[in-house]
Enquirer: 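Input: one structure, supplied below.
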Amino acid sequence: GWLESRSPAVIQRVAQLKDYTTICPPAPSEVLGAVALRAQPALLERSRAIAAEGLAAARATVAKHPAALEWSEPAAGTFAFVGLKGGGGGGGGSE
């Protein structure tokens, strides 16, 4: 959030309090993190399945429009760079 004050002392004190309260994560976050680590195999399996589904959809889309799309398929991770062949420009049909 934001805070405005004409008093430098107030600003300094609020900054000190913010530093104090943000040095450590809150206890509920620590508990949730521990729960997630215990469930890591299931969470990883789910995440990998979602990523594989997205990759398959991206491959299918690029394959369906080879004259219009090109891409650098990700070697790992979930980011790909898809480009319009011919510089974009738009004006095409709607599929």
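We count residues from 1, following the sequence as given.
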Enquirer: To the nearest 0.5 angstrom, please state how far the CG atom of Leu17 sits from the CD atom of Gln12.
Expert: 11.0 Å

Enquirer: Which heavy atom in Ala36 sits nearest to a heavy atom in Leu43, and how many Å separate them?
Expert: O-CD1, 3.6 Å

Enquirer: Ignoring hydrogens, what is the shortest heavy-atom contact between Val62 and Trp71? Give both atom names and the distance.
Expert: CG1-CD1, 3.6 Å

Enquirer: Find the distance between OG1 (Thr61) and CG (Leu69) and round it off to the nearest 0.5 Å.
Expert: 8.0 Å

Enquirer: Grab the two heavy atoms, one from Phe79 and one from Pro74, that are nearest each other, plus how far apart they are.
Expert: O-CB, 3.1 Å

Enquirer: In terms of heavy-atom contacts, does CD of Gln16 have more than 12 from other residues, nucleotides or ligands at under 6.0 Å?
Expert: yes

Enquirer: Just how far is it from atom CG of Leu44 to atom CD of Gln40, taken to the nearest 0.5 Å?
Expert: 5.0 Å

Enquirer: Quick one: does any side-chain atom of Lys64 pair with a main-chain N or O of Arg59 as donor and acceptor, under 3.5 Å?
Expert: no

Enquirer: Just wondering, do Leu55 and Glu73 contact through their side chains at under 4.5 Å, heavy atoms?
Expert: yes

